[in-house]
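Atoms considered below: every heavy atom in the structure, side chains included; atoms not considered: hydrogens, waters and symmetry mates.
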Amino acid sequence: MTGDGTAHTGGRTGVRTARPAGRRALLVELPDAERTAAFHAEVLRRRAAGGLPPVEEIVPGARTVLLDGVPDPEALARRIAGWEVPPVADDTGDAVEIPVRYDGPDLADVAALWGVGPEEVGALHGSHTYRVAFCGFAPGFGYLTGLPPHLHVPRRSTPRTRVPAGAVALAGPYSAVYPRATPGGWQLIGTMPDPRPLWDPAREPAALLTPGTRVRFVTVGGTTAAGTTTGGAAAGADTTTGGSAAAGAGPEAGA
């Protein structure tokens with residue numbers, strides 16, 4: 001541990017750094033999304049087993065995990081340095097199923113980037129199981145990992161001024177579903193017909209997609225290249241034009 005209370009460790013999960021964040025918090029920095037997910041899962045496991053000192057809040061990010069409300073951050077940093085953290089098992093936990101019509105206005109652009117026809121995008125996207133890496137941008141907005149690298153797509157060069165609630169979107173390594181209408185720059189490939197379950201303040205937790213949750217996308221209705229479904233027009237579909245499919249800011253910057 002350095003003079004400023006920062007601890008570095010290696011081991012099975014690669015280098016991670018733990019540093020105090022204020023007087024009662026510890027920020028753990030990790031090298032990639034997979035190791036971040038594994039560390040977050042290990043923190044939750046140890047807390048459930050009673051093997052973690054009191055922590056008021058655990059907040060994962062793209063490459064960090066914040067442990068807030070820690071009585072002694074430096075002592076916890078030393079303790080974490082000795083942890084062996086196994087990878088997250090892909091088949092652990094029940095999966096939340098998200099119904100989706102693959103009718104988004106960027107379906108053809110994404111199909112071109114993937115080298116397939118628009119009618120194949122839904123089958124490809126829905127063939128993977130995703131995991132909520134972290135939440136942010138808007139209440140109920142989860143950043144889902146699990147899309148293989150060859151299917152990663154850039155953000156739009158020009159964001160839309162309005163993305164409708166329920167839009168199923170891609171950017172970089174992430175998939176997401178917009179829980180409310182907001183501006184956004186992700187590629188829109190589909191629609192969740194009823195997005196209200198994504199964020200329900202009367203429920204505990206209010207967010208349907210919490211960090212660590214496994215997610216599957218289940219196709220409802222057919223898909224056409226024109227961005228409509230065989231069962232009818234997509235509810236709330238937004239065809240506001242913006243930039244074409246081109247590299248933009250990294251998806252971690254927002255949505």
Side-chain angles (χ1 to χ4, degrees), residues 95-133 135 137-138 140-148 150-156 158-199 207-209 213-245 248 251 254-255:
V96 172
E97 293 190 345
I98 301 294
V100 53
R101 294 190 301 251
Y102 286 96
D103 58 1
D106 299 322
L107 196 67
D109 288 340
V110 169
L113 290 168
W114 287 0
V116 300
E119 69 282 358
E120 299 176 79
V121 169
L124 273 173
H125 184 248
S127 66
H128 303 282
T129 299
Y130 300 83
R131 189 176 293 275
V132 183
C135 298
F137 177 66
F141 190 102
Y143 290 74
L144 313 183
T145 57
L147 201 63
H150 71 279
L151 298 181
H152 294 179
V153 298
R155 289 175 53 137
R156 295 173 61 85
T158 303
R160 289 181 168 87
T161 57
R162 183 182 183 276
V163 172
V168 178
L170 306 175
Y174 301 114
S175 294
V177 188
Y178 283 75
R180 66 166 93 174
T182 65
W186 291 29
Q187 308 281 356
L188 308 185
I189 62 170
T191 306
M192 180 182 181
D194 181 6
R196 288 175 296 178
L198 294 172
W199 180 256
L208 178 66
L209 304 181
T213 300
R214 297 171 68 237
V215 179
R216 293 194 186 98
F217 290 94
V218 179
T219 301
V220 292
T223 305
T224 72
T228 59
T229 64
T230 57
D238 181 271
T239 56
T240 305
T241 57
S244 61

Visitor: Over 60° means perpendicular and under 30° means parallel, so classify the ring planes of Y102 and H125, tilted if in between.
Guide: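 The arrangement is perpendicular - the two ring planes meet at more than 60°.
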Visitor: Just jot down the side-chain hydrogen bond (donor to acceptor under 3.5 Å, both in side chains) partners of T213, sequence neighbours excluded, or say none.
Guide: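 Partners of T213 by the side-chain hydrogen bond (donor to acceptor under 3.5 Å, both in side chains) criterion, ordered by chain and then number, come out as T210.
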Visitor: Who are the side chain to side chain contact (heavy atoms under 4.5 Å, CB included) partners of V177, not counting sequence neighbours?
Guide: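 So V177 forms a side chain to side chain contact (heavy atoms under 4.5 Å, CB included) with I98, V168, M192, L198, F217.
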Visitor: Can you find a pair of side-chain heavy atoms, one from H128 and one from S175, that are under 4.5 Å apart?
Guide: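 No; the side chains remain at least 4.5 Å from each other.
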Visitor: Might you point out which heavy atoms bring P118 and A108 nearest each other, and give the distance in Å?
Guide: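 Minimum heavy-atom separation between P118 and A108: CG-CA, 4.3 Å.
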Visitor: Check ring pair (Phe, Tyr, Trp, His ring centres under 6.0 Å) between Y178 and all other residues, then give those that pass, not counting sequence neighbours.
Guide: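 Applying ring pair (Phe, Tyr, Trp, His ring centres under 6.0 Å) to Y178 gives F141.
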Visitor: Between Q187 (side chain) and A171 (backbone), is there a donor-acceptor pair under 3.5 Å?
Guide: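 No.
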Visitor: Mind listing the closest non-hydrogen atom pair of V220 and R101 along with its distance?
Guide: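 Scanning both residues completely, I find the closest heavy atoms to be O-CG, 3.1 Å.
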Visitor: Does the side chain of P179 reach to within under 4.5 Å of the side chain of L209, using non-hydrogen atoms?
Guide: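 They are not in side-chain contact.
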Visitor: Atom CZ in R156, atom CG in L188: separation rounded to 0.5 Å?
Guide: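 Between atom CZ of R156 and atom CG of L188 there are 7.0 Å.
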Visitor: What's the shortest heavy-atom distance between W186 and A176, and which atoms?
Guide: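 Scanning both residues completely, I find the closest heavy atoms to be CZ3-CB, 3.3 Å.
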Visitor: Could you grab the distance from atom OG1 of T145 to atom OH of Y130, nearest 0.5 Å is fine?
Guide: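 Output value for this atom pair is 10.0 Å.
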Visitor: May I have all residue pairs that pass salt bridge (charged side-chain N to carboxylate O under 4.0 Å, His left out) and include part of residues 182-197, sequence neighbours excluded?
Guide: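 Of all non-adjacent pairs touching residues 182-197, those that pass salt bridge (charged side-chain N to carboxylate O under 4.0 Å, His left out) are D194-R196.
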Visitor: Which heavy-atom pair separates V132 from G142 by the least distance, and what is that distance?
Guide: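 Reported closest heavy-atom pair: CG1-CA, 4.2 Å.
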Visitor: Give the minimum heavy-atom separation between G140 and A207, together with the two atoms involved.
Guide: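 Closest approach of G140 to A207, heavy atoms only: CA-CB, 4.2 Å.
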Visitor: Holding to side chain to side chain contact (heavy atoms under 4.5 Å, CB included), I want the full list of residues that pass it with H152, two or more places apart in sequence or in another chain.
Guide: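 By the side chain to side chain contact (heavy atoms under 4.5 Å, CB included) rule, H152 matches L147, P149, P173.
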Visitor: To the nearest 0.5 Å, what is the distance between CH2 on W114 and CG on L170?
Guide: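 Reported to 0.5 Å precision, the distance equals 5.5 Å.
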Visitor: Once you round to the nearest 0.5 Å, how far does CZ of R131 lie from CG of L144?
Guide: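 Atom-to-atom, R131:CZ and L144:CG are 11.0 Å apart.
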